[in-house]
There are 2 protein chains.
Amino acid sequence: MGVVTVNKRSQSTEEYLEAIFKLERTPAGATVGRLAGELGVAPPSVSEMVARMGGDGLLARGAAGEVVLTAEGAVEAARLVRRHRLSERFLVDYLEMPWDEVHDEACKFEHVLSVEVEARLAEQLGNPRTCPHGQAIPDEDGTFEEEPAIPLADLKPGERSTITRISDERPDLLHYLGTLGLLPETSIAVEGVAPFGGPLLVRVAGAQYALGREVAGKIFVRG
Amino acid sequence: MGVVTVNKRSQSTEEYLEAIFKLERTPAGATVGRLAGELGVAPPSVSEMVARMGGDGLLARGAAGEVVLTAEGAVEAARLVRRHRLSERFLVDYLEMPWDEVHDEACKFEHVLSVEVEARLAEQLGNPRTCPHGQAIPDEDGTFEEEPAIPLADLKPGERSTITRISDERPDLLHYLGTLGLLPETSIAVEGVAPFGGPLLVRVAGAQYALGREVAGKIFVRG
DNA sequence: GTGTGCCGTTAGGCTAACCTATCAGAGGAA
DNA sequence: TTCCTCTGATAGGTTAGCCTAACGGCACAC
């Protein structure tokens, strides 16, 4: 038998899960401080919440104090990411919203999609593999396979590749990239790299642009 | 100038607004007790919440203690109903969900639709006038015009009319009506009425059914 | 070794929204 | 008139999630 765990998480819990999932796959990892920054709350709030979620079996603390998701937590987080990215696809493909506005909307949608709605939405959208920004959409069972890619900034002058994803959701940045046509599946060539952290000169669809290093670090291309 | 009131209501507040909106247009009106029943909370919780919402200018208390929405509260409530019913249309028309399952889902959706998403959704759906159960969808400005209708139970034997709406959202009832083909815009004739509160004999698409009085009171037809 | 900072935790409070138990007033029945 | 019932309000308590202020340990500089 066992205890019936209905396991409907609170909205806050779901937001923590997602933030940890995201920070876990950065070189820096997920710490209390970084989570506080990511979620826009004070560090003690994170301490407290992390303790609660640890008790619920969603996460554990690593040797150095980092926050790591348990298998259960990781699956739930991946499903949330799936719902988030499916929502983004829906907002862009069906409602025809601009790609730079959909992240914030999807943040709300992801918490209200039932299993059935999620499944029907995926089917109706043609089971998309990525969100409009090129990020991979996890499977229904929570498996998550990101296409290997390197930052545009790592390309050498003269090299050419194809954009796979933009790993930043800030509307202003996305809007800017959109006006330049720097979308996933776009072919891009690096024509020059200015020294001392200067901009990259890139060519896209015949036009040349100068991109700052920070921006170029957010654009990922096939490696 | 005036104070900028961003006025993003809490989910609870929104649920109270909707419940009051609904109960206000029943003969019994909206009272603390009925609200408690409708919302599934204890009466003191309603007392408390109603006091808070009164302070926010969303509602007032009538002479007999009834709860009445202010103009502001009524507009916000109507917009929520609009979002709820648009969501139901979306779930049925686009996701092809059965009409008896969409109410509960829409209860979650209505709280996360931004003004822009609401507008695009309405347009994409062809600006529907009613939800899948035949209830009118309020305008963007909160005006709400329900088509005049009478309960099926008020028809006399031999009379024929067309179903306009089902004023009940219980999945089991809706499922039952769906299997009989008792959907909005369906032509229906009353062939007999059993005495002493007995069932109505109705004919729909060639078939005859016996409907209890309670069910027949939830089905509204053009009068 | 001894300061100096950085991080995370502890301590103590706050608010929204809920609960149960109890109280008060208004209206109808006897 | 008295009483009983029904309805809503009050009092007091809980929980989740957030806050600020203050504390403690570790690492690194000197």
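Lettering of chains follows the sequences in order, A, B, ..., and the numbering in each one begins at 1. What you see is a predicted model, and the numbers here were worked out from it, not measured in a lab.
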* At what distance, to the nearest 0.5 angstrom, does CD of B/E146 lie from CZ of B/F220? -> 9.0 Å

* Asked: For the pair made of CD in B/E66 and C1' in D/dC6, what is the distance, rounded to whole Å?
  -> 17 Å

* To do: Using only side-chain N and O atoms of B/R34, determine if any of them is under 4.0 Å from OP1 or OP2 of D/dC6.
  => no

* To do: Report yes if some heavy atom in the side chain of B/E18 is under 4.5 Å from a heavy atom in the side chain of B/E14; otherwise report no.
  => no

* Asked: Quick one: CG on B/L113 to CD on B/E116, what's the gap to the nearest 0.5 Å?
  -> 12.0 Å

* Can you tell me how far P of D/dA16 sits from CE of A/M53, to the nearest Å? -> 14 Å

* Relative to each other, are the rings of A/H84 and A/H103 parallel, tilted or perpendicular (30° and 60° limits)? -> tilted

* Letter per nucleotide, 5' to 3', of nucleotides 15-24 of chain C [B base touched, S only sugar-phosphate touched, - untouched; heavy atoms, 4.0 Å] -> -SBBBBB---

* **Electrostatic pair A/E214:A/R170 at N-O distance under 4.0 angstrom** => yes

